[in-house]
Amino acid sequence: MSTIYLVRHGQASFGAASYDQLSAKGEQQAQMVGDFFKRSLKQTPFVLAGSMQRHQQTAQLALAQSFQDALIQTESAWNEFDHQQVFAQYEPRFKQPELLKQDIAQVANLRAYLAKIFDGAIDRWIGEQYDHEYHETWLAFQTRVEIALQGLCESMDATQHRQAVVFSSGGVISVAVGKVLGLNAKQIFALNWSLANASITTLRWNNGHLQLLSFNEHHYLKAQDAELLTWI
């Protein structure tokens, strides 16, 4: 029996020229992840991370607080889908960060504004009509993540690891949970929108079967400082 901890990266730099880096708050969140694992895990886990900068930064900061001897195995299969392309195909203004910043400055409720864009963009992507417009289709992304998850489970069996920590993104974690629960694409992305930055989702791998133990744990952040709880 093995346990897999899926960690969403800390808050990234939304609206900046490069989204793929942690904000100052994201760095704090990553350190809190490390504190959580230091208290929760008794031995050094097997560690995986996507190759994106926000994944690597979160992993490095978390491990500096907990298991400094842990080696990070980088696998691009755990990378997020190209959300900027998915959004831009639905709303061309997303191709230009400066225009997006203008929009953000004018909205009263940023989360509600982004939720509307997110729902429309995802609906367009998960349908098959526009597959030719995307570098990676929804089906290709889903398949990639499911293969990565299965590969991790098989690797844990082979190496006798009992605990693994994976640093990744909301879309990836939602697909993994969707695989376990048998969810459709719409249900998977409903989960995605609810995932907090630096939240922890826990799976159990036992006798060839995956079980969901917990989803979107983030109260450890809120208990420390309510301002550390973010979704975007």
Side-chain angles (χ1 to χ4, degrees), residues 3-84 97 110-111 114 145 148-149 152 161-177 191-203 213-232:
T3 305
I4 300 170
Y5 300 91
L6 303 174
V7 181
R8 188 187 175 200
H9 60 80
Q11 184 186 60
S13 301
F14 183 80
S18 174
Y19 171 80
D20 193 23
Q21 57 185 335
L22 296 187
S23 66
K25 183 170 289 187
E27 293 178 350
Q28 289 181 274
Q29 292 166 338
Q31 292 169 343
M32 291 296 299
V33 170
D35 289 338
F36 177 87
F37 284 131
K38 185 177 181 179
R39 296 192 304 270
S40 304
L41 304 184
K42 303 303 181 183
Q43 59 187 17
T44 302
F46 178 58
V47 180
L48 285 170
S51 63
M52 292 177 161
Q53 185 176 354
R54 58 191 185 272
H55 303 154
Q56 293 289 315
Q57 287 179 316
T58 302
Q60 291 162 6
L61 289 167
L63 294 176
Q65 296 293 115
S66 53
F67 299 99
Q68 297 181 14
D69 60 332
L71 298 177
I72 302 172
Q73 182 170 315
T74 300
E75 291 188 8
S76 60
W78 292 97
N79 285 359
E80 183 66 293
F81 66 91
D82 188 346
H83 75 277
Q84 291 175 314
L110 175 59
R111 186 167 169 80
L114 291 177
V145 174
L149 179 60
L152 171 58
H161 277 101
R162 289 293 170 257
Q163 296 172 323
V165 179
V166 182
F167 294 89
S168 187
S169 289
V172 172
I173 295 169
S174 298
V175 168
V177 172
L191 293 181
N192 188 11
W193 190 243
S194 71
L195 280 167
N197 293 118
S199 63
I200 301 170
T201 293
T202 309
L203 306 178
L213 297 183
S214 68
F215 175 73
N216 195 28
E217 292 182 68
H218 57 264
H219 295 293
Y220 73 97
L221 292 169
K222 190 175 181 180
Q224 178 70 21
D225 182 354
E227 294 299 317
L228 286 176
L229 188 56
T230 62
W231 284 267
I232 299 170

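Sequential numbering from 1 along the given sequence is applied to the chain's residues.
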TODO: Identify which one of V172, V166, L203 satisfies the side chain to side chain contact (heavy atoms under 4.5 Å, CB included) criterion when paired with L149.
DONE: L203
Task: side chain to side chain contact (heavy atoms under 4.5 Å, CB included), paired with N197, selected from V7, T230, I232 - done: T230
TODO: Give a yes or no on whether the backbone of H9 and the side-chain of T58 come within a donor-acceptor separation of less than 3.5 Å.
DONE: no
Task: Closest heavy-atom pair and its distance - L191, S174 - done: C-OG, 3.7 Å
Open item on the list: Could you check whether any side-chain N or O of Q57 sits under 3.5 Å from a backbone N or O of L22, counting only pairs where one atom can act as donor and the other as acceptor?
Closed with: yes
- [ ] Answer yes or no: is there a donor N or O on one side and an acceptor on the other, between the side chain of Q68 and the main chain of A64, under 3.5 Å?
- [x] yes
Open item on the list: Can you give me the closest heavy-atom contact between S194 and F215, atom names plus distance?
Closed with: OG-CE2, 3.7 Å
Open item on the list: Please check: side-chain N/O of Q21 versus main-chain N/O of Q53, any donor-acceptor pairing under 3.5 Å?
Closed with: no
TODO: Indicate the ring-plane relationship of Y220 and F36, choosing parallel, tilted or perpendicular according to the 30° and 60° boundaries.
DONE: tilted
- [ ] Would you check, one step at a time, whether the test side-chain contact (heavy atoms from CB on, under 4.5 Å) holds for L228 with K25?
- [x] CA-CA 7 Å; L228 286 176; K25 183 170 289 187; 4.1 Å; yes
Open item on the list: If only side-chain N and O atoms count, and only distance matters, is there a donor-acceptor pair under 3.5 Å linking S51 with S76?
Closed with: no
Task: Qualifying side chain to side chain donor-acceptor pair (under 3.5 Å) pairs, either residue in residues 37-46, two or more places apart - done: T44-D69
Open item on the list: Testing the basics here: between E80 and H55, what is the closest heavy-atom pair and its distance to 0.1 Å?
Closed with: N-CE1, 3.9 Å
Open item on the list: Using the side chain to side chain contact (heavy atoms under 4.5 Å, CB included) criterion, which residues pair with E75? Sequence neighbours excluded.
Closed with: L48, Q73, W78
Task: Contact summary for N79 and M52, nearest pair of heavy atoms - done: OD1-N, 3.6 Å
TODO: List for me each residue that meets side chain to side chain contact (heavy atoms under 4.5 Å, CB included) alongside A62, sequence neighbours excluded, and say none if there are none.
DONE: V33, F167
Open item on the list: So which atom in A59 and which in A49 form the shortest heavy-atom distance, rounded to 0.1 Å?
Closed with: CB-CB, 4.3 Å
Task: G50 backbone acceptor or donor facing Q56 side chain under 3.5 Å - done: yes
Task: Within-4.5 Å side-chain heavy-atom neighbours: L63 and V165 - done: no
Task: Side-chain donor/acceptor of R8 to backbone N/O of N216, under 3.5 Å - done: no
